[in-house]
> 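Following this message is one structure expressed as structure tokens.
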Amino acid sequence: MCGIVGYIGHREAYPIILKGLKRLEYRGYDSAGIALFDGNDIKLSKTKGKVADLEDKLEKEISTSGTLGIGHTRWATHGVPNDVNSHPHYSNSGNLVIIHNGIIENYESLKKELIKRGYTFKSDTDTEVLVNLIEDVKKNENTKLGKAVQIALNQVIGAYAIAVFDKNKPNEIVVARLGSPLAIGIGDDEFFIASDASPFIEYTKNAIYLEDEEMAVVRRNKGVKVRKIKDDSLVDPYVQELQLNLEQIEKGGYDHFMLKEIYEQPSAILDTFRGRMLPNEGIIKMAGVEDNMKTFLNANRIIVVACGTSWHAGLVSEYIFEDLARIPVEVEYASEFRYRNPVITDKDVVIAISQSGETADTLAAIKLAKSRGAFVFGVCNVVGSSIARETDAGAYTHAGPEIGVASTKAFTTQITVLTLIALRLARAKGTISSSEFRQHMIELELIPEKVKKSLESDAYVKTVAEIYKDASNFLYLGRGYNFPVALEGALKLKEISYIHAEGYPAAEMKHGPIALIDENMPIVVIATKKGHYEKVVSNIQEIKSRKGKIIGIVTEGDKQVRELADHVIEVPETIESLTPLLTTIPLQLLSYHIALMLGKNVDQPRNLAKAVTVE
């Protein structure tokens with residue numbers, strides 16, 4: 001959500017910042033802007049719309065020269081998306097310019113006080129309040145920019161990642177973070193600032209990730225000095241070597257990142273269990289689990305906290321943990337969990353799931369759980385992310401960068417990691433036999449090839465999409481392990497096509513949704529041979545008698561559903577607990593093709609962001 005890019009060094013800043021903003025488009029945004037400094041004055045251009053709109057406007061309005069600059073993609077919080085509310089923002093004097101991700105919750109009281117002191121405001125944003133607060137502190141305290149930022153941020157309530165510079169100090173940029181990610185790339189007397197490493201990966205492999213409540217003064221010829229915002233103490237920053245490479249974030253010949261990421265799932269799932277699972281030796285080994293085995297085995301229950309697609313992966317894990325390891329599981333929306341005063345004890349294990357590792361509500365849930373004495377285990381995809389640092393232990397998925405806003409390979413790799421954990425705990429507890437344990441591992445090892453086979457349905461899914469692309473509502477039904485898949489399939493369609501869709505447990509259809517069914521209603525039913533098959537077939541018969549249009553997701557060779565359904569999409573057979581890794585594939589493809597046929601922006605759907613770093 002929002003993106004920050006900055007550069008200070010010996011190169012021209014503009015092409016670096018522009019390219020960086022394009023790399024951050026996946027985060028979701030509604031406006032963009034760039035400020036450059038050429039040694040004499042700040043040149044600024046910003047606009048509602050996409051980075052391409054900014055590029056067209058900026059190159060007509062201002063000179064692009066300068067070796068210092070900052071750029072931003074904004075997702076509106078305070079003030080509607082328009083040119084004025086877009087970032088960067090000037091201070092009243094015009095000397096300071098800032099970009100900001102996050103929310104300043106007490107901006108109204110700060111703004112009123114600044115107005116009393118003679119400040120005026122052009123925008124509706126909390127960000128313009130912050131830059132003028134910094135200027136006010138700098139002037140009244142007669143201090144340098146870095147100190148002014150520190151004092152100002154100690155008056156702020158909220159979340160932020162900021163980059164600010166002063167045209168009278170052209171060799172430095174001051175950055176800070178609380179609850180919103182910020183990375184500093186370290187080059188040869190040049191520095192890159194960004195929300196993640198993707199904007200500067202081709203320039204340097206070395207980066208510092210600021211922790212919450214840290215700030216840094218980034219100076220040419222002097223390097224990076226990191227301090228704690230609260231007490232001004234110096235921090236010895238850890239310079240991390242980046243594993244990301246440029247090829248991973250390019251489209252690789254696919255029309256869209258989403259399609260590329262759907263097709264990357266066989267390799268992503270393989271990478272996720274590779275080295276952790278040795279079926280021939282009957283071993284699953286994950287350091288984060290092994291090192292804390294006693295805590296897991298003594299847990300009264302597991303609480304899963306997550307949002308969106310990650311919440312759906314958590315719902316799948318509830319079935320897996322309870323079925324295999326016989327551990328009670330509760331799955332919570334992180335946004336609800338953090339506010340409802342939950343009962344948590346030191347006998348609870350909390351598993352926090354997030355693709356980005358930066359989800360604000362999930363981070364807040366982690367902090368709440370830790371404050372109550374729970375052991376917190378993280379599952380995320382981004383090395384060095386906030387959740388990876390905040391949790392007691394964890395496991396990375398190995399999905400690689402996921403650029404498309406609608407999550408696909410993150411979902412299947414999260415399920416893969418959670419399955420590995422459940423299997424390891426089940427074996428340690430003795431709730432499954434050694435032969436069952438080995439059989440599950442053998443089946444999981446076969447899943448990448450079975451996902452590849454599921455992807456072969458793409459052409460047929462496209463023909464189904466053409467038939468139903470103009471439907472105004474969809475219903476998705478599943479039972480057991482595939483109920484969360486129904487929820488996820490409906491979410492994918494909503495996210496990228498903007499068609500209303502609902503996911504339901506198939507048996508619940510009779511308790512309300514059946515009233516919606518008529519000849520215009522497409523119903524996607526997940527009806528694999530494993531898992532209450534006969535019951536689902538009965539549900540399909542109920543739909544057919546009401547003239548609903550049935551799209552069946554079935555096991556290869558199915559005959560019973562084929563006789564009833566209008567369309568049948570086959571997936572390979574596997575054990576019940578692993579069926580979600582296959583049944584989700586045609587639902588991802590269906591959403592993709594419908595959205596594309598409707599002319600929607602598949603990779604950057606409206607109003608959505610990849611990393612939701614505000615509440």
Side-chain angles (χ1 to χ4, degrees), residues 272-279 281-306 310-332 334 337 342-354 357 362-363 365-381 385 387-398 413-441 444 481 484 577-578 580:
T272 296
F273 68 65
R274 192 202 309 269
R276 291 167 163 166
M277 182 179 76
L278 303 170
E281 298 174 36
I283 293 172
I284 290 175
K285 194 163 185 178
M286 304 172 73
V289 177
E290 298 298 328
D291 293 347
N292 300 282
M293 183 62 76
K294 187 179 289 187
T295 302
F296 275 103
L297 296 181
N298 291 335
N300 289 337
R301 61 177 174 166
I302 291 172
I303 304 170
V304 178
V305 293
S310 296
W311 185 73
H312 296 154
L315 287 175
V316 175
S317 80
E318 179 179 14
Y319 289 88
I320 297 171
F321 279 112
E322 293 194 345
D323 191 17
L324 300 180
R326 308 307 296 159
I327 302 172
V329 177
E330 296 177 17
V331 184
E332 301 263 9
F337 178 81
V343 178
I344 311 168
T345 74
D346 58 5
K347 290 291 187 180
D348 293 326
V349 168
V350 172
I351 298 180
I353 312 172
S354 165
T362 308
L363 275 165
I366 288 169
K367 291 174 182 176
L368 172 61
K370 287 178 74 174
S371 73
R372 304 281 179 87
F375 173 80
V376 183
F377 188 93
V379 174
C380 67
N381 188 41
S385 59
I387 285 175
R389 297 193 300 272
E390 191 71 35
T391 47
D392 296 305
Y396 287 112
T397 58
H398 294 294
T413 54
Q414 285 167 354
I415 292 173
T416 302
V417 162
L418 294 162
T419 300
L420 291 173
I421 297 169
L423 283 169
R424 180 66 187 94
L425 296 181
R427 192 69 193 108
K429 290 187 71 178
T431 50
I432 59 173
S433 67
S434 58
S435 61
E436 289 173 316
F437 181 62
R438 194 179 294 269
Q439 181 61 31
H440 276 80
M441 286 194 290
L444 183 55
Y481 283 93
S577 63
L578 299 181

> Could you tell me whether the side chain of H440 reaches within less than 4.5 Å of the side chain of T419, counting heavy atoms only?
no
> Can you check whether M293 reaches L425 side chain to side chain, under 4.5 Å on heavy atoms?
yes
> Quick check: does any side chain N or O of N300 sit under 3.5 Å from a backbone N or O of D348, one acting as donor and the other as acceptor?
no
> Side chain to side chain donor-acceptor pair (under 3.5 Å): which pairs involve residues 286-299, sequence neighbours left out?
E290-R424
> Rounded to the nearest 0.5 Å, what separates atom CD1 in I366 from atom CZ in F377?
12.0 Å
> Could you list the residues that satisfy ring-ring contact (aromatic ring centres under 6.0 Å, His included) with F437, not counting sequence neighbours?
none
> For T272 and T397, indicate whether the former's side chain and the latter's backbone hold a donor-acceptor pair under 3.5 Å.
no
> Contact between I353 and L418 at the side-chain level, heavy atoms closer than 4.5 Å - yes or no?
yes
> Going by the rule side chain to side chain donor-acceptor pair (under 3.5 Å), which residues pair with E332 if we only count those two or more places apart in sequence or in a different chain?
R340
> Give me each pair satisfying ring-ring contact (aromatic ring centres under 6.0 Å, His included) with a member in residues 415-436, each pair once, sequence neighbours excluded.
none
> Which residue pairs pass the side chain to side chain donor-acceptor pair (under 3.5 Å) test when at least one of the two sits in residues 311-321, sequence neighbours left out?
H312-E488
> Kindly write out the residues that satisfy side chain to side chain donor-acceptor pair (under 3.5 Å) with K367, not counting sequence neighbours, or none if the list is empty.
D212
> To the nearest 0.5 Å, tell me how far L423 CG sits from R276 CZ.
13.5 Å
